[in-house]
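Down below is the structure, laid out as structure tokens.
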Number of protein chains: 2
Amino acid sequence: MKSLEVKEGLSIKKPTIADVAHEAGVSKSTVSQYMNKRYEYMSSKTKGKIELAIKELGYTPNYIAKSLKQKRTLTIGIIVANILHHFSTQVSRAIEDLCQERGYQAIICNADDQPDKERSYIDMLRAKQVDGIIAIPTEGNTELYAELVQQGYPVVFLDRTIADIDIPAVVLNNFEAARGAVAHLLQQGHRSIGMLTGPLNISVRRERVDGYLYAMEQHEVEHDYIWMKEVTKANAMAVLENMFTLKQRPTALVIGNDFLLLETLKFVKSKGIKVPDELAFITFDEVEYADLFQPTISTISQPAFQMGRKAAELLLGHISEKKRPAQLKYEFTATMKLRDSCGENRSL
Amino acid sequence: MKSLEVKEGLSIKKPTIADVAHEAGVSKSTVSQYMNKRYEYMSSKTKGKIELAIKELGYTPNYIAKSLKQKRTLTIGIIVANILHHFSTQVSRAIEDLCQERGYQAIICNADDQPDKERSYIDMLRAKQVDGIIAIPTEGNTELYAELVQQGYPVVFLDRTIADIDIPAVVLNNFEAARGAVAHLLQQGHRSIGMLTGPLNISVRRERVDGYLYAMEQHEVEHDYIWMKEVTKANAMAVLENMFTLKQRPTALVIGNDFLLLETLKFVKSKGIKVPDELAFITFDEVEYADLFQPTISTISQPAFQMGRKAAELLLGHISEKKRPAQLKYEFTATMKLRDSCGENRSL
DNA sequence: TTGTATGCGTTATCAG
DNA sequence: CTGATAACGCATACAA
């Protein structure tokens with residue numbers, strides 16, 4: 001009963017490799033060999049002694065010491081925009097899964113889209129010597145990222161990319177996704193189509209807007225029918241209300257993310273607007289209730305898991321191969337899930 | 001331009017405290033003093049030299065080395081049931097926020113309710129010398145937790161507790177929450193009330209079932225009207241379908257979590273059941289769409305943020321004070337948010 | 001096949 | 001006020 005050794009409630013000092021060596025009557029290096037499974041030239045007798053000593057003492061190696069020596073921590077950092085967003089949790093989960101498969105651990109950090117927090121997390125992660133970083137970056141720390149890449153430090157961007165920075169990025173084909181959604185709405189007969197997006201200080205959103213505008217222009221829609229609305233969660237309702245008092249108001253909407261979807265749903269409900277007859281919409285991001293809502297909600301679904309996994313593969317590859325991924329951009333495709341809210345099942 | 005020093009794309013060795021000492025013409029210990037803001041007996045001249053050298057070299061301290069020396073990592077581990085659950089992300093977020101305030105970092109691990117994964121994460125976290133652990137525990141590693149507590153290692157349980165283990169826990173008053181919900185339904189005139197819960201190998205769920213049964217018995221409901229259904233996400237639909245073919249089928253339901261809520265909604269929708277007239281329900285866990293759904297969904301809402309923050313306070317307190325929290329149980333109260341789905345706004 | 005010596009980058013102790 | 005030196009726990013080259 002090893003528990004007998006630790007009667008007192010005091011914090012017990014953990015046994016070290018030296019203790020094991022002493023207990024087993026061998027040297028530290030031999031124990032070290034054992035721990036790292038270099039059994040090749042080890043007599044089964046010493047092996048047995050060491051095994052016993054380890055069990056006896058309840059020895060577990062100290063990774064901190066190991067890391068200091070080996071200059072790697074088997075840990076990576078993830079910097080997400082906000083862990084409360086589905087997309088962030090999904091990619092985190094995917095990254096974590098791959099890490100576990102490969103013996104790595106991930107530290108998840110919330111930058112909240114604030115460059116200050118982002119910087120402070122990067123600094124902390126580096127101080128902790130994490131072997132690499134996967135980030136959903138803001139655009140406020142480009143010099144810092146440039147510095148990292150220049151030092152040969154493994155970094156992979158996810159979801160977003162930053163212009164002129166030589167860091168591989170796993171992204172969605174946002175332009176095409178938005179363009180396709182708008183094209184579908186146009187084809188359904190809509191002419192006045194709105195786009196509701198979060199602040200355009202983020203590449204992803206700008207690309208989506210570009211796709212939207214491109215589709216509208218291709219279809220030669222009059223300028224009066226183009227409603228590109230840059231909103232925050234706080235003012236989305238007000239903007240919608242205002243827009244819908246106007247004559248040429250949109251009959252369809254492309255919504256930028258699940259948060260804005262909620263605002264839209266709130267708006268629609270409060271005004272008693274009929275979906276999709278009075279207003280059709282399709283939203284970026286899959287939501288769990290898409291199929292259950294009345295009407296069901298059309299979505300532009302991102303392969304979040306695959307994207308997260310890909311990012312992790314690239315980063316871990318970079319770490320182990322010691323050379324950065326070949327491509328600079330790994331693009332994934334969104335899939336439209338057409339349901340009732342964009343008028344799929346009605347005759348216009 | 002410090003960037004000039006690192007022309008080659010090769011991985012640059014980071015400057016150490018020794019490099020700074022050399023550059024500044026002082027000793028390592030003096031630089032160390034400086035880094036730790038022990039300026040008391042330091043001439044402003046040396047201070048300046050060190051400052052300059054640090055900037056010159058772009059020196060940042062190595063926390064791994066620091067941790068090895070100081071035997072603390074300023075890192076804690078969080079073991080959650082599943083990061084894809086809202087509750088887990090919310091508590092993680094709350095914990096992380098407090099950690100950041102106090103200069104700690106959190107490593108989030110997904111145990112997926114699998115004791116094996118849980119054990120392997122605990123081992124890994126300990127190997128990495130994290131200063132403490134917050135866990136939503138399974139009941140498959142009680143000996144391991146017993147060992148930890150016996151070693152005086154800081155652990156706090158969250159959401160769940162384990163019998164006979166001397167570890168402080170932050171929990172919901174599940175019994176009372178379930179009892180209250182059932183009492184409300186009874187008061188609304190329901191008699192046949194069902195309870196849909198996940199597998200009962202988890203204390204939280206058993207407590208809720210106890211609360212449910214207590215309320216039913218208090219109200220002297222006949223045994224035929226008690227529908228306690230232990231289901232998984234996979235078979236929930238089938239169980240519901242089966243139950244609703246029966247004569248004494250429930251007219252109201254208490255749902256155990258947001259996953260089962262989705263299944264119930266799917267069921268209700270596929271069968272065209274009218275809520276709340278043909279079936280009323282209330283669910284544990286707040287969902288973002290509760291107010292938007294048709295009908296709006298009554299919820300039993302947990303103060304996830306406060307619970308997470310409390311757990312973090314207890315753990316960080318234990319770590320810094322070096323003695324465990326006074327109480328063994330910190331109980332939070334759920335709040336019922338009565339909306340349409342449990343018949344709040346209709347006359348029976 | 002195993003042991004000895006040295007260093008990883010810090011901090012702590014104690015002289016000076 | 002500052003510096004030399006010894007840890008911290010492990011891995012590795014080299015010796016034996």
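Protein chains get the first letters and strands the later ones, always in sequence-line order, with residue 1 at the start of each.
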>> If you only use heavy atoms from C-beta on, which nucleotide in dT10(C), dT2(C), dT2(D) is closest to the side chain of Ile17(B)?
In response: dT10(C)
> Residues in side chain to side chain donor-acceptor pair (under 3.5 Å) with Lys117(B), at least two apart?
Replying inline: Asp112(B)
> Is the shortest side-chain N/O distance from Ser27(B) to OP1 or OP2 of dG3(D) below 4.0 Å?
Replying inline: yes
> Do any side-chain nitrogens or oxygens of Thr46(A) fall under 4.0 Å of OP1 or OP2 in dT2(C)?
Replying inline: yes
>> For Ser43(B) and Lys28(B), find the nucleotide of DNA chain D closest to each by heavy atoms; which residue's nucleotide sits nearer the 5' end?
In response: Ser43(B)
> Does a nitrogen or oxygen in the side chain of Ser29(B) sit under 4.0 Å from OP1 or OP2 of dT2(D)?
Replying inline: no
> The side chain of Ala65(A) lies closest to which of these nucleotides: dC10(D), dG9(C), dG3(D)?
Replying inline: dC10(D)
> Reckon Tyr59(A) has a side-chain N or O less than 4.0 Å from the OP1 or OP2 of dC10(D)?
Replying inline: yes
> Whole-Å distance between dT10(C) P and Leu74(B) CG?
Replying inline: 15 Å
> Given atom NZ of Lys69(B) and atom P of dT13(C), what is their separation to the nearest angstrom?
Replying inline: 8 Å
>> Please report the distance, rounded to the nearest Å, between OH in Tyr34(A) and P in dG3(C).
In response: 16 Å
> In whole angstrom, what separates Lys14(B)'s NZ from dC8(C)'s P?
Replying inline: 15 Å
> Would you find a donor on one side and an acceptor on the other, under 3.5 Å apart, between the side chain of Asn141(A) and the backbone of Leu144(A)?
Replying inline: no
> Within this structure, what is the CG-to-P distance between Asp19(B) and dG9(C), rounded to whole angstrom?
Replying inline: 8 Å
> Side chains of Glu51(A) and Tyr34(A): is there a donor and an acceptor less than 3.5 Å apart?
Replying inline: yes
> Does OP1 or OP2 of dA11(D) have a side-chain N or O of Ser32(A) closer than 4.0 Å?
Replying inline: yes
> Does any donor atom in the side chain of Lys128(A) or Thr73(A) lie under 3.5 Å from an acceptor atom in the other side chain?
Replying inline: no
>> Quick check on DNA chain D: between Asn36(A) and Gln70(B), whose nearest nucleotide comes earlier from the 5' end?
In response: Gln70(B)
> For Lys66(B) and dT11(C), is the shortest distance between a side-chain N/O and OP1 or OP2 below 4.0 Å?
Replying inline: yes
> Just wondering, do Ile122(B) and Arg126(B) contact through their side chains at under 4.5 Å, heavy atoms?
Replying inline: yes
> Could you give the CZ-to-P distance, from Arg38(A) to dA13(D), as a whole number of Å?
Replying inline: 11 Å
>> Tell me the interatomic distance from Lys71(B), atom NZ, to dA7(D), atom P, rounded to whole angstroms.
In response: 13 Å
>> I need the NZ-P distance between Lys128(A) and dG9(C), as an integer number of Å.
In response: 19 Å
